[in-house]
Amino acid sequence: MKILIVYESFFGNTEKIAAETRDALTSKHTVLFRKVSEAATADIESSDLIITGAPTRAFRPSPGMQKFLKSLSQEAMKNKQCAVFDTRVDVQDIHSKFLTFMVKLFGYAAEPMAKILRKKGAADDIQINWFFVKDSEGPLTEGELERARSWAGSLAK
């Protein structure tokens with residue numbers, strides 16, 4: 001299976017999850033690993049599974065990831081298997097009623113990424129996951145890299 005991982009990262013946390021996902025898959029699959037600014041249409045067309053990851057910024061995917069996803073053609077994405085993930089702060093750890101309210105209202109990055117991919121023609125069964133950071137700049141919460149590795153293994157079955 002040929003897998004494309006496209007990610008955007010500001011403080012390195014999303015990149016760490018993307019790299020852990022890549023490392024978990026490379027022994028049995030061909031994996032292309034691209035920053036969102038480096039991804040090309042040919043990468044999409046030649047891949048069997050596309051994994052996109054972005055940090056949650058203002059309750060949605062990062063700007064570069066939004067632009068990338070919206071630029072995808074329906075022809076290239078038709079029935080493609082996809083998975084998405086985001087990195088986010090756990091509102092349970094913040095203890096902010098306002099932030100909890102805002103998250104309930106607007107959500108996180110992974111769901112809008114999946115929605116865009118479905119509109120572009122991807123297969124409906126998009127796998128969605130998220131990984132927690134301790135603060136807006138990180139670091140990742142303990143155990144998240146292991147969880148990313150486990151998730152990656154489930155994607156390639």
Side-chain angles (χ1 to χ4, degrees), residues 1-90 107-134 136-157:
M1 179 184 295
K2 190 170 181 184
I3 301 169
L4 171 63
I5 300 173
V6 179
Y7 70 93
E8 185 163 42
S9 190
F10 292 100
F11 303 108
N13 301 298
T14 307
E15 183 174 16
K16 287 177 184 174
I17 296 295
E20 193 70 24
T21 302
R22 174 201 61 205
D23 294 348
L25 295 168
T26 53
S27 66
K28 296 182 181 177
H29 306 281
T30 301
V31 180
L32 300 173
F33 188 70
R34 304 280 192 261
K35 289 181 180 179
V36 72
S37 60
E38 299 168 349
T41 303
D43 296 333
I44 300 286
E45 292 170 348
S46 67
S47 296
D48 302 305
L49 170 64
I50 299 161
I51 302 170
T52 56
T56 299
R57 306 286 288 186
F59 306 102
R60 56 182 157 267
S62 57
M65 184 57 71
Q66 287 184 66
K67 182 179 178 184
F68 168 74
L69 293 172
K70 289 176 181 178
S71 75
L72 298 173
S73 75
Q74 289 191 328
E75 183 179 314
M77 290 304 299
K78 186 173 181 164
N79 295 319
K80 288 283 184 181
Q81 293 299 311
C82 295
V84 299
F85 72 89
D86 67 35
T87 50
R88 57 177 74 172
V89 174
D90 187 352
Y108 292 102
E111 293 81 4
M113 289 192 303
K115 185 176 180 180
I116 293 169
L117 288 167
R118 283 187 196 100
K119 283 184 178 180
K120 293 293 185 169
D124 284 337
D125 59 341
I126 295 172
Q127 301 296 312
I128 299 173
N129 209 338
W130 54 87
F131 300 92
F132 292 117
V133 294
K134 291 183 182 179
S136 60
E137 294 184 20
L140 289 164
T141 302
E142 188 173 326
E144 293 300 79
L145 290 177
E146 292 80 7
R147 221 167 54 76
R149 183 170 280 280
S150 176
W151 179 61
S154 73
L155 293 176
K157 290 183 179 180

Trainee: Measuring centre to centre across the rings, with the benzene-like ring taken for any Trp, is Phe33 within less than 6.0 Å of Tyr7?
Mentor: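 Yes; Tyr7 has its ring centre under 6.0 Å from that of Phe33.
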Trainee: Atom CD1 of Ile5 and atom CG of Asp43: how far apart are they, to the nearest 0.5 Å?
Mentor: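 If we round to the nearest 0.5 Å, Ile5:CD1 and Asp43:CG are 12.0 Å apart.
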Trainee: Considering all heavy atoms of both residues, which atom of Lys119 and which atom of Gln74 are nearest to each other, and what is their separation?
Mentor: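 Closest heavy-atom pair between Lys119 and Gln74: O-NE2, 2.9 Å.
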Trainee: Measure from the side-chain N and O atoms of Glu144 to the backbone N and O of Phe132, and report whether any donor-acceptor pair falls under 3.5 Å.
Mentor: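 Yes.
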Trainee: For the atom pair CZ (Arg34) and CD1 (Ile51), what is the distance rounded to the nearest 0.5 Å?
Mentor: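 The distance works out to 13.5 Å.
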Trainee: Quick one: NZ on Lys35 to CZ on Phe68, what's the gap to the nearest 0.5 Å?
Mentor: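 If we round to the nearest 0.5 Å, Lys35:NZ and Phe68:CZ are 15.0 Å apart.
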Trainee: Between Val84, Ile126, Ile116, which is the residue that forms a side chain to side chain contact (heavy atoms under 4.5 Å, CB included) with Thr52?
Mentor: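 The side chain to side chain contact (heavy atoms under 4.5 Å, CB included) with Thr52 is passed solely by Val84 among Val84, Ile126, Ile116.
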Trainee: Of all heavy-atom pairs between Ala54 and Ser62, which one has the smallest distance, and what is that distance?
Mentor: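 Heavy atoms only, the tightest pair is CB-OG, 3.6 Å.
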Trainee: In Å and rounded to the nearest 0.5 Å, what is the CE to NE2 distance from Met1 to His29?
Mentor: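 Between atom CE of Met1 and atom NE2 of His29 there are 5.5 Å.
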Trainee: Applying side chain to side chain contact (heavy atoms under 4.5 Å, CB included) between Ser47 and each of Ile3, Thr30, Leu4, report the one that passes.
Mentor: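 One option only clears the test, and that one is Leu4.
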Trainee: Do the side chain of Asn13 and the main chain of Glu137 share a donor and acceptor less than 3.5 angstrom apart?
Mentor: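 Present.
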Trainee: Nearest 0.5 angstrom please: Glu8 CD to Gln66 CD, how far?
Mentor: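 These two atoms lie 9.5 Å from each other.
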Trainee: Would you name the heavy atoms of Ala83 and Trp151 that are closest together and state the gap between them?
Mentor: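 Between these two residues, the closest heavy atoms are CB-CZ2, 3.9 Å.
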Trainee: To the nearest 0.5 Å, what is the distance between CG (Leu32) and CZ (Arg22)?
Mentor: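 The CZ atom of Arg22 is 11.5 Å from CG of Leu32, to the nearest 0.5 Å.
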Trainee: Should the heavy atoms of other residues, nucleotides or ligands under 6.0 Å from CZ of Arg147 be counted, would the total exceed 12?
Mentor: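 Buried by this count: over 12 neighbours within 6.0 Å.
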Trainee: So, Thr87 side chain and Phe131 main chain: donor-acceptor pair closer than 3.5 Å or not?
Mentor: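 Not confirmed, Thr87 side chain does not pair with Phe131 backbone.
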Trainee: Shortest non-hydrogen contact from Gln81 to Ala123?
Mentor: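 For Gln81 and Ala123, the tightest heavy-atom pair comes out as NE2-CB, 3.3 Å.
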Trainee: Should we say atom CD of Glu38 is surrounded by more than 12 heavy atoms from elsewhere, each under 6.0 Å from it?
Mentor: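 Above 12, so yes.
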Trainee: Donor-acceptor pair, Lys120 side chain versus Lys70 backbone, under 3.5 Å?
Mentor: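 Yes, because the side chain of Lys120 sits within donor-acceptor range (under 3.5 Å) of the backbone of Lys70.
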Trainee: Under the 3.5 angstrom rule, does the side chain of Asp48 hit a backbone N or O of Lys2 as a donor-acceptor pair?
Mentor: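 Checking the backbone N and O of Lys2 against the side chain of Asp48, a donor-acceptor pair under 3.5 Å is found.
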Trainee: Looking at Met77 and Cys82, what are the two nearest heavy atoms and their distance?
Mentor: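 Looking at all heavy atoms of both residues, the shortest contact is CE-SG, 3.6 Å.
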Trainee: On a heavy-atom basis, which atom in Arg149 and which in Ala24 lie closest, and how many Å separate them?
Mentor: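 Closest approach of Arg149 to Ala24: NH1-CA, 3.4 Å.
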